[in-house]
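Have a look at the structure below before the remarks.
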Amino acid sequence: MELLEALSTKFNYWIYIIIMMIGLYAMISKNNLVKKLIGMSIFQTAIILFYVSIGVKEGATIPILYHDQVHPSHGYSHHKADTGHIEDHHPSHEEIVANLLIEPDDFGNPLPHVLMLTAIVVGVATLGVGLALTQKIYRDFGSIEESEILESIKSAK
Amino acid sequence: MIDQSPALILLAPFLLAILLALLGIKREWLCFPLVIAGLAISVAASVVTLLRVIDEGTIQYFFGGWEPPFGINLRVDGLNALVALAVSTVSLLTAIYSKRAVPAETSDKVSQFYTLYLLSVTGLLGIVLTGDAFNLYVLIEISALTSYALIGMGSRRATLAAYKYLIMGTIGASFYLLGVGYLYIKTGSLNMYDIQEQIVANNLHGSPSIFVAFVVIIVGVWIKMAFFPLHSWLPNSYAYGPSTTSALLGPLVTKVMIYVMIRMILTVFGPEFAFDQLDWSNIIVWMSVIAILAASISALAQASLQKILAFLIIAEVGYMVGGVWLADKMGMIGSIYHIIADAFMTLCVFLFAGIIFTKTGRHDISAMEGLFTKMPLTMVGFLVGAFSLIGIPPTAGFFSKWYLIQGGISSGHYEYVAALLISSLINAVIFFRIIEIAYFGSKPAEGHGYHHNEEQKDGTMEASFSMLFPLLITAAVLLGIGLYNQEVVEIITNFVSQFNIGAIIL
């Protein structure tokens, strides 16, 4: 029962670890250099998944304030004018902030997602450098199979 | 202008890298002066920053005026001011050396090489200066991506080595990123000092998330610094890359990652957590003992000078990791001093290896026959570097080992002391073998490749000024920080004494 609970409440962590291990396995055990790079991409994606999942809340929405939340009662001042009050009340900044109807629980945490934009860029750059190196290796050795490359280095000695 | 000095350290090489990428392709002659200008500004700014830190204490610099925990800041204290000065000086000296070496080794890619060179230095300086944990990850990747490309510009073997480095380096950096994620879950902050405050304020030291974060970050950093069982990417990368690349990355990358480890232990997690609560000192000091011995013995077995030096770097990493985990004030001071000393002595021997390679076109140590008569000044520079690696006073290497051994004795880790001494002996064997070949010649060899080239009338074939000058300056710096070790250690002691290391001895 406890195990089931651990699996069901934290399944995002289990999944990211499984994906990460798949990537690590490919990076270590594959013989083909391009397959290794694919493994590396899977590995990095698992970490991106981890970050994205920690910013998610159930029932939460994107962290953008809508107009009615900042000005909770738009028809408010007109209504008051009708009932005979003379003062044209414009709420100051402090009053707006104090009256905001914001529950932090209603919004997802944007920071981990924003961080992952950077991590995605880094991942793409790494993959690009990796593929460029693979291309150069292919030009130099005529192969992208690691065992064949090592063989040709040995025979060159 | 002085207020901006911490930012100038890394902005000068960064902006000039962009300028160089734009202008350098058409005008190759511009590359070298631009690189020197950028790095010279960086060195000057580091000196100013170090003086300010000695004067005022910790300096904070907020990018865009946003204060942490919301903005990204640079935070400079005694530790990173020193390391930043070492990093910028080493990169400037290597840049001077590269004047002849880069056009000779990568003739069709001069401007690309220098652009990557400046970006790599920017990344390394950024790692040292930043106060933000996620920013550190991005800067690690900037310096790593550029160094893959810099290594890949070398020979056939270098491309393969760069590929392996890319795979290992990505695993290391990704582990670090994962650890930062766990820290963020628990503390809700990315600023290193804020994380520490949150951990202490909410008493999170017992939390499994913090524990996982610590393990993952330390393992990630170990991969990046080539700590012994995780070192496989290093020897080939540094041995087969272009000589300028080896002279830049060899001294800097591993040292900067050791700085990251110290920063994580002392500032982010706190020594109480890393040393007292986890109590892993014994295991990790033993691991470092194995690292030191295994790397030293591997170095002894190599025939190529570059390979010997690469394995010596791995042994030095063992010194510093062990010194940190002694959980002793002296050991910590020794490790930090060794970061500075080792950066310069590794630079010294790598510059020497580069000069030998340009002059003789060979890597193996038999290429050094009779060099004392042919290149006396070069050999003087080399001797200082070699003596420093062995640990002969008054060079810097002696004093760093002195502090490390004192730390080992006062914390009772005699196996570490023994490993240091054995490794010094092995270094002595390695270098005196080279000195013997250079002084007496190994065998009466005839028709060696280098006999025909550019010997001058008096029988010498000294390296050109742009190569010799940085070597001799480095040798002078080694003697300088050796003789003035009290002043350097005082700055480090001021930094280390804020922390509560080795206080609890039961």
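Every chain is numbered from 1, with letters handed out A, B, ... down the list of sequences.
Checked against a 6.0 Å centroid threshold, the rings of B:F70 and B:F62 do not count as neighbours.
Contact annotation for A:I54: only side-chain heavy atoms (C-beta onward) come within less than 4.5 Å of a heavy atom of chain B. Looking at B:Y163, the atoms closer than 4.5 Å to chain A (heavy atoms on both sides) sit in the backbone and in the side chain alike. Both the backbone and the side chain of A:L37 come within less than 4.5 Å of a heavy atom of chain B. For A:L33, the parts lying near chain B are the backbone and the side chain together; criterion is any non-hydrogen pair under 4.5 Å. Using a 4.5 Å cut-off between heavy atoms, A:T118 contacts chain B through its side chain alone, with no backbone atom that close. Proximity to chain A involves both the backbone and the side chain of B:I171, based on heavy atoms less than 4.5 angstrom apart.
By the 4.5 Å heavy-atom criterion applied to side chains, B:W222 and B:P229 are not counted as neighbours. Side-chain contact check for B:Y184 versus A:P112: some heavy-atom pair is nearer than 4.5 Å.
Counting heavy-atom pairs closer than 4.5 Å to chain B, the top-ranked of the candidates A:L133, A:L115, A:I137 is A:L115. With chain B as the partner, the residue from A:I149, A:L111, A:V121 showing the most heavy-atom pairs under 4.5 Å is A:L111.
Residue A:T134 is tested with A:N32, A:I144, A:V129 for a side chain to side chain contact (heavy atoms under 4.5 Å, CB included); the sole match is A:I144.
B:T187 and B:Q198 form no side-chain donor-acceptor contact under 3.5 Å, judged by distance and modelled atom types alone.
Although no hydrogens or angles enter the test, the distance criterion places no donor-acceptor pair under 3.5 Å between the side chain of B:R157 and the main chain of B:Y240.
Below 30°, between 30° and 60°, or above 60°: for A:F50 and B:Y182 the angle between ring planes is between 30° and 60°, a tilted geometry.
By the ring-ring contact (aromatic ring centres under 6.0 Å, His included) test, B:F14 is found to be paired with no residue, residues two or more places apart in sequence or in another chain being considered.
Within residues 112-140 of chain B, the residues having any heavy atom closer than 4.5 Å to a heavy atom of chain A are B:F134, B:Y137, B:V138, listed by residue number.
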* To do: With side chain to side chain contact (heavy atoms under 4.5 Å, CB included) as the test, would you mind laying out the steps for A:S53 and A:Y16 before giving the verdict?
  => CA-CA 9 Å; A:S53 72; A:Y16 104 77; over 6 Å; no
